[in-house]
Engineer: 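Have a look at the structure that comes next, please.
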Amino acid sequence: MTDASLIVPASSGPRPAEGRDALLAGLNPQQLEAVTYRGIALLIVAGAGSGKTSVLTRRIALLLQQREAWPSQILAITFTNKAAGEMRERVAGLVGDTARGMWISTFHSACVRILRREADQFGFTKSFTIYDSGDSRALLKRLVKEHEADAYGLTPGAAQSRISKLKNELLDAEGYARQANMSDPAERKFADIFADYQRALQKSNAFDFDDLIAQTVFLFRAFPKVANVYRRRFRHILVDEYQDTNHAQYSLIRELTKPIEGEAPEPYASNGMMIFEPEPEASSDESTAGASLTVVGDSDQSIYAFRGADIRNITEFERDFPGAKVVLLEQNYRSTQNILSAANSVIGNNFDRKAKNLWSDKGPGEKIVGFTGYSQHDEAQFVADEVEQLRRAGVAYSEMAVFYRTNSQSRALEEIFIRSAVPYKIMGGTKFYERAEIKDALAYLVAVANPADDMAVRRILNKPRRGIGAVTETSIGMYAEQHGISFRDALRHPGELGVGPKLQAAIARLDSVLAEATEVLLPASGELPPPTSVAEGLTVLLNKSGYFDALRASRDPQDEARLENLDEFVAVARDFARNNPDGTIVDFLTEVALVSDADDLDDESGVVSLMTLHTAKGLEYDAVFVTGVEEDLIPHRISAGEPGGPQEERRLFYVGITRARKRLHLSLAMTRAQFGEVSVAMPSRFLQEIPAELIDWRQSPGDVNSRGGMQSRALNARRSGGWGSGGQGSSKGGGDRFGVQALPKREGLKPLSTAMDRFPNKVTGKVRDNGDLELATGDRIRHDDFGEGRIEAVTGEGAKRIAHVRFDTAGQKKLLIKIAPIVKL
DNA sequence: CCGTCGACTGTTTTT
DNA sequence: CAGTCGACGG
């Protein structure tokens, strides 16, 4: 938050020499070199689990501790805010308070800081809004409609992704128009929309996600003086996860590491804000050289090409930065050899990679466990059972994680976990800040903080319902345009809009609520409001606008949840005040705009983590379950056609495998229901890339289909119901791998795999309710799927009472009494 | 202007 | 299958 220009390395700290030894203790030779090498550019190729975070933090700590750099001269870029927080903590742990004043943040946060400082230089104000992808889509939707571009097959989504790609390549609207084929009407439409989109952003004093990076680069290029201020300030730049940087991010780093030409330092540049401070031993030749750059990455873990990450940034690093030093970290300190061997042989199938061989001295460890379920529910039950077994063997829930390729796969897992009373937490999924009510609340705040933001004002115009519809919205917009004022300001003149008296009153009321909140959040007196004002202002807005009342009056059961979410949001604002004593509403909005899923996974001890493979990057667990290891899922169907797609999918799988410390489970299902239809799934090609002797199949794909038995009734019905006789499911010559003939009773099948197709497909909806069925130790029950069993214990309270049951054939299970399909015998 | 109904349409990963 | 979108009638 602050420049910390007054913070001086603690003089009472350890003596440099002994501190140095402590910092370097326990490093292997390569790590040692990565920490101590000094030069203009350093690439640390860090295989999975090779201790790169440790290397990076020690490198920073050493710079500080040896007085080679002041905290404020260090810029460290991480992939997520969480990683940034962790790194800051670890550096602080090594060198104490000295760590304050460093910039450790994501690309996006760092750019926001720069842009806010420099906003006035190029037509924005410090309180600009950050549009998330939902906001951009909404804006584009309006523009596409205005341009009637859907006739050219241009959807808002398509336009959005094209614009995003262009921005990641640093092409702006004019640049695009210049090189586009303007004789193609569709192209021209798109170019117009792009230009309008950009104009609308500017008018609203807003940046979208991609702008944050691209505009910073443009700023540096257009104003070398501004760039020089930051070049002079940041003498040591470190970038984590370099393999996932895109072209814009790469260019930003290039800009920042350029040498400073001519021109004396201007300590008070940039609107009088002190941007850098005198160097400890200011030597003038040093101050003109480019900053030293350290990047850490692993091209085998590049999984964001779809979002513009350019793997060449890392593969061509040595060419980009001549004289760069490369250090390879190949010893893995995380996983057992079996897990590593599997990972190595999988990733070895990617052809254009630099060979690298991770090794471990932890010994072979457990074999990888494989399981093939009949359905996704069957698979989920396997995961839940296995989790319980590990728990009983002493593995903490928080040390277990379940990964999947797509978010939608979490449903089946979630459902089974609830039934089995396995505590879990889903990282990601529908994000808190994407919920409509939260976005509404945010729009209210934005309308106050950045009144130029038309989108925000339009959003809240009729929320809650106050009778202001499309027609009135247009009138207001027209009035604003005619008078050259913002949409927000147009609300101040309800009488002149040519709308009825009822509407005038409604508009006036909204205007006065906004005005009142403005007085709380940004007092006209100009005095700095207390940080608690954010929560206060929010409460004012939600109460006086009638938003809360409308939700309370509603009889839609979902609205109760919305109220709770808003309460939580107010609590977030209060927390913010506590954690950021100098925080303003703009700071609050920034923080909210830039938090991601991966950020709030504060290792809530005691629960199993569920997440996508992408979210899993950078994390590690004792036990890992990679689920849905099927063709069309991983590798995902959509990636098949894209160049480099399958290879990226392989890397994704590799990332999943290498998260595991001690135990790895790979599972799949033979049938999977998607969009209400059951389809046949094939084992992923990646499974065959793992040496067979490393996997202990509890139930292999072969077991499942060669027995011919047990296929889902739904599937069967579908087949006989004229699905076409086409060659589905027989690609490997096995003809009827799913047995067309007579179907089998379920005797002889393992209890686990019985009748999973009878599980409801919905998490919500038809939840069984046993009311307050009383069960006591010793009671016998019958479960729809597991058969008969004996209650061994009952724990928990009320709706969360859990029965611990030993089934006669299915073994030990925990069941949530309220919803388990059980009857007392 | 609001609410409902029916049709439609996506369905990969995210700062 | 779900969630969104557009059309329509009150």
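Just so it is clear: chains get the letters A, B, ... in the order the sequence lines come, proteins before strands, and each one is counted from 1.
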Engineer: Without decimals, in angstroms, what is the distance between A:Asn246 CG and B:dT15 P?
Structural biologist: 14 Å
Engineer: Using the C1' atom on both, measure B:dT12 against C:dC5 and round to a whole Å.
Structural biologist: 23 Å
Engineer: Indicate, yes or no, whether a donor-acceptor pair under 3.5 Å links the base of B:dT12 to the side chain of A:Arg637.
Structural biologist: no
Engineer: Say we look at B:dT13 and C:dT4: how far apart would their C1' atoms be, to the nearest angstrom?
Structural biologist: 22 Å
Engineer: For A:Arg509, give me all partners under side-chain contact (heavy atoms from CB on, under 4.5 Å), at least two apart in sequence or on another chain.
Structural biologist: A:Ala505
Engineer: What's touching nucleotides 5-10 of chain C from the protein side, N or O pairs under 3.5 Å?
Structural biologist:
{"unit_1": "C:dC5", "atom_1": "OP1", "unit_2": "A:Lys141", "atom_2": "NZ", "d": "3.1"}

Engineer: Determine, for A:Lys439 against A:Asp132, whether the closest basic-nitrogen to carboxylate-oxygen distance falls under 4.0 angstrom.
Structural biologist: yes
Engineer: Mind listing the N/O atom pairs, protein and nucleotides 3-10 of chain B, below 3.5 Å?
Structural biologist:
{"unit_1": "B:dG3", "atom_1": "OP2", "unit_2": "A:Arg465", "atom_2": "NH1", "d": "2.7"}

Engineer: If you look only at pairs with a residue in residues 244-253 of chain A, which of them pass as a salt bridge (charged side-chain N to carboxylate O under 4.0 Å, His left out), with sequence neighbours excluded?
Structural biologist: A:Asp244-A:Lys617
Engineer: Rounded to the nearest angstrom, tell me the gap between atom NE2 in A:His247 and atom P in B:dT15.
Structural biologist: 22 Å
Engineer: At under 4.0 Å between heavy atoms, what does A:Ser133 touch on the DNA or RNA strands: base, sugar-phosphate, or nothing?
Structural biologist: nothing
Engineer: Can you tell me how far P of B:dT12 sits from CG of A:Asp632, to the nearest Å?
Structural biologist: 13 Å
Engineer: Is the phosphate of B:dT15 approached by A:Ser109 (side-chain N or O, under 4.0 Å from OP1 or OP2)?
Structural biologist: no
Engineer: Applying side-chain hydrogen bond (donor to acceptor under 3.5 Å, both in side chains) between A:Lys167 and each of A:Asp210, A:Asp211, A:Asn246, report the one that passes.
Structural biologist: A:Asp211
Engineer: Can you find a heavy atom in the side chain of A:Tyr242 that is under 4.5 Å from one in the side chain of A:Val296?
Structural biologist: no
Engineer: When you match A:Arg466 and A:Tyr304 each to their closest nucleotide on DNA chain B, which lands nearer the 5' end?
Structural biologist: A:Arg466
Engineer: Would you say a side-chain N or O of A:Asn407 is under 4.0 Å from OP1 or OP2 of B:dT13?
Structural biologist: yes
Engineer: Over all strands shown, is A:Asp132 touching base, sugar-phosphate only, or nothing at heavy-atom distances under 4.0 angstrom?
Structural biologist: nothing
Engineer: Can you name the side-chain contact (heavy atoms from CB on, under 4.5 Å) partners of A:Ser639, sequence neighbours left out?
Structural biologist: A:Pro635, A:His636, A:Glu649
Engineer: Within 45° of the six-membered ring axis of A:Tyr654 and under 6.0 Å from that ring's centre, is NZ or CZ of A:Arg651 located there?
Structural biologist: no
Engineer: Between A:Lys52 and A:Glu241 (salt bridge meaning N to carboxylate O under 4.0 Å), is one present in this structure?
Structural biologist: yes
Engineer: Please figure out whether A:Gly467 or A:Phe107 has its closest DNA chain B nucleotide nearer the 5' end.
Structural biologist: A:Gly467
Engineer: Without decimals, in angstroms, what is the distance between A:Arg651 CZ and B:dT13 P?
Structural biologist: 18 Å
Engineer: Listed by chain and number, what are the side-chain hydrogen bond (donor to acceptor under 3.5 Å, both in side chains) partners of A:Thr129, not counting sequence neighbours?
Structural biologist: A:Asn450, A:Asp453
Engineer: B:dT12 base to A:His636 side chain: any donor-acceptor pair below 3.5 Å?
Structural biologist: no
